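This report concerns only the one structure given below.
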2 protein chains.
Amino acid sequence: MQQEVVLAMLAKEASRGYQLRARLRDALGPLGDDMNAGQIYVTLTRLEKAGLVTVEESATRAERPDGKVYSLTADGHHRVAEWVSEVSWPRPDLAVFHLKLVAAAAARLADPIALVDAQRRELLRRLRDAQRAVMAEPEGSDAALLYEGIALRLQADMRWLEACEKSWTRRRSGS
Amino acid sequence: MQQEVVLAMLAKEASRGYQLRARLRDALGPLGDDMNAGQIYVTLTRLEKAGLVTVEESATRAERPDGKVYSLTADGHHRVAEWVSEVSWPRPDLAVFHLKLVAAAAARLADPIALVDAQRRELLRRLRDAQRAVMAEPEGSDAALLYEGIALRLQADMRWLEACEKSWTRRRSGS
DNA sequence: ACGCCCCCATATAACGGTTAGCTTGATCTA
DNA sequence: TAGATCAAGCTAACCGTTATATGGGGGCGT
């Protein structure tokens with residue numbers, strides 16, 4: 001998980017790694033299961049090295065397993081405030097599929113249009129899954145919202161693939 | 001750039017790093033300028049270490065700068081064929097924004113609805129840019145196709161943000 | 001002729017996200 | 001009591017990405 005996300009979760013209250021991981025999983029619903037177990041620990045140690053969090057080797061609390069409790073430093077608080085206030089959005093990652101088509105056509109490895117078609121079928125499958133998941137979730141839940149976003153994305157990508165197909169068929173008859 | 005992409009470009013013909021980079025940039029149009037210059041060399045050395053490409057220290061050709069020409073090994077050809085045939089699609093990356101909202105609300109760092117609004121304005125700006133870019137490109141060019149995909153994505157994300165706003169306002173009045 | 005700048009071409013260190021896999025103890029259960 | 005499962009944590013390693021460095025060569029103005 002992105003460092004800032006972990007940092008922001010830690011801003012609510014100091015936690016140990018496992019609790020943090022559980023909170024993240026809860027906030028994502030069924031999609032949280034995709035997270036890798038070790039991810040949090042990697043991120044936490046890196047945050048510590050960067051001086052954004054501190055550990056307290058707490059045998060002070062009566063917590064059974066000899067514990068590492070993580071909390072934010074002043075720098076950490078500053079960083080998370082900064083992150084919350086900044087607007088950023090992941091750049092669309094369509095380039096690699098496009099390059100796959102270009103490369104496949106150039107090296108005569110496969111028919112681009114067949115590739116687009118296969119991709120369309122795959123996205124259709126995922127779209128059905130996402131829509132089924134939306135309905136399976138309780139109305140208005142976090143998970144339902146996320147699945148809805150995924151479905152909207154997939155629909156947009158489907159329409160792009162249609163545009164790709166048109167473009168490549170034109171290109172084939174045109175050359 | 002992803003290793004497989006570089007590999008696939010190399011499948012067309014053996015090249016040296018710089019040519020490869022130029023070919024990639026051409027295939028992406030104006031978006032290709034975002035590529036980092038050194039990226040290709042990092043990827044190529046890693047591919048070499050993995051045994052998927054080989055270098056030929058060619059002073060054999062009358063090429064001025066003492067040259068490293070890269071070409072695919074048998075394993076490399078196999079790998080690229082595999083890649084072309086596999087259907088994969090980047091997983092939608094909506095989780096981090098969702099977690100930003102959750103964390104901001106939980107730690108009372110900011111008003112989630114204000115965050116959604118700021119994001120909406122930003123995406124609207126980018127959408128206008130993308131649509132302008134579509135029209136600036138020659139009809140049917142690679143770059144126009146890519147920009148169209150980006151625009152479609154952004155529209156989908158906008159609609160998701162609207163759903164987010166609805167959901168969080170409901171949640172606020174409901175708690 | 002000299003200095004300057006830009007392009008070709010390559011390389012490298014380092015950061016950050018992700019994964020696979022390991023350990024160790026506790027708890028459950030057949 | 002042996003085996004399975006789970007909590008809790010850790011590590012090595014891969015890959016994508018960036019910033020930055022290094023030279024050689026060609027044009028160009030003064």
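The model shown is predicted, which means the values in this text are computed figures rather than measured ones. A, B, ... follow the sequence lines: proteins, then strands. Residue 1 opens every chain.
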- Query: Taking only residues two or more places apart in sequence or in another chain, which ones pass side chain to side chain donor-acceptor pair (under 3.5 Å) with B/R79?
  - Reply: B/E4, B/E82
- Task: Nearest whole angstrom, please: distance from the C1' of C/dT19 to the CD of A/Q2.
- Result: 16 Å
- Kindly state each residue pair satisfying ring-ring contact (aromatic ring centres under 6.0 Å, His included) with at least one member in residues 115-173 of chain A, sequence neighbours excluded. none
- Item | Selected nucleotide, minimal atom distance to B/N36 side chain, candidates D/dA7, C/dG17, D/dT18 | D/dT18
- Message: If the condition is ring-ring contact (aromatic ring centres under 6.0 Å, His included), which residues does B/Y70 pass it with, not counting sequence neighbours?
- Response: none
- Task: Report the C-alpha separation of A/E122 and A/R126 in whole Å, then their side-chain angles, then the decisive distance to 0.1 Å, and conclude whether the salt bridge (charged side-chain N to carboxylate O under 4.0 Å, His left out) test is met.
- Result: CA-CA 6 Å; A/E122 171 67 11; A/R126 293 199 197 177; 2.9 Å; yes
- Query: Quick one: is A/K68 getting a side-chain N or O under 4.0 Å of the D/dC10 phosphate, OP1 or OP2?
  - Reply: yes
- Message: Assuming nearest nucleotide by heavy-atom distance, tell me which of B/A50 and B/A37 is located more 5' along DNA chain D.
- Response: B/A50
- Message: Test: side chain to side chain donor-acceptor pair (under 3.5 Å). Region: residues 95-116 of chain A. Which pairs qualify, not counting sequence neighbours?
- Response: A/D111-A/R172
- Query: Could you give the CD-to-P distance, from A/E48 to C/dC15, as a whole number of Å?
  - Reply: 16 Å
- Task: Rounded off to whole Å, could you give me the CE-to-C1' distance for the A/M35 and C/dA20 pair?
- Result: 16 Å
- Query: To the nearest angstrom, how far is B/Y18 atom OH from C/dA11 atom C1'?
  - Reply: 15 Å
- Message: Expressed as a whole number of angstroms, how long is the span from A/D33:CG to D/dC6:C1'?
- Response: 15 Å
- Quick one: side chain to side chain donor-acceptor pair (under 3.5 Å) pairs with a partner in residues 30-46 of chain B, sequence neighbours left out? none
- Note on the structure: Contact check, residues 70-78 of chain A vs DNA chain C, heavy-atom distance under 4.0 Å, returns none
- Query: Nearest of D/dG16, C/dG17, C/dT10 to any side-chain atom of A/E4?
  - Reply: C/dG17
- Note on the structure: Within residues 38-47 of chain A, those residues having any heavy atom closer than 4.0 Å to DNA chain C are A/Q39, A/V42, A/R46
- Query: Looking only at side-chain N and O atoms, does B/Q3 come under 4.0 Å of OP1 or OP2 in D/dG16?
  - Reply: yes
- What residues form a side chain to side chain donor-acceptor pair (under 3.5 Å) with B/R153, not counting sequence neighbours? A/D93, A/D157
- Task: Mind calculating the distance between CG (A/L20) and P (D/dC10) to the nearest angstrom?
- Result: 13 Å
- Does any N or O in the side chain of A/S71 come within less than 3.5 Å of the main-chain N or O of A/A14, such that one atom is a donor and the other an acceptor? no
- Using salt bridge (Lys or Arg N to Asp or Glu O under 4.0 Å) as the criterion, list what pairs up with A/D75, not counting sequence neighbours. none
- Message: Could you tell me how far apart B/D93 (CG) and D/dG16 (P) are, to the nearest whole angstrom?
- Response: 16 Å
- Item | Closest nucleotide among D/dA8, C/dT10, D/dT18 to the A/R91 side chain | D/dT18
- Rounded to whole angstroms, how far apart are CZ on A/R21 and P on D/dC10? 13 Å
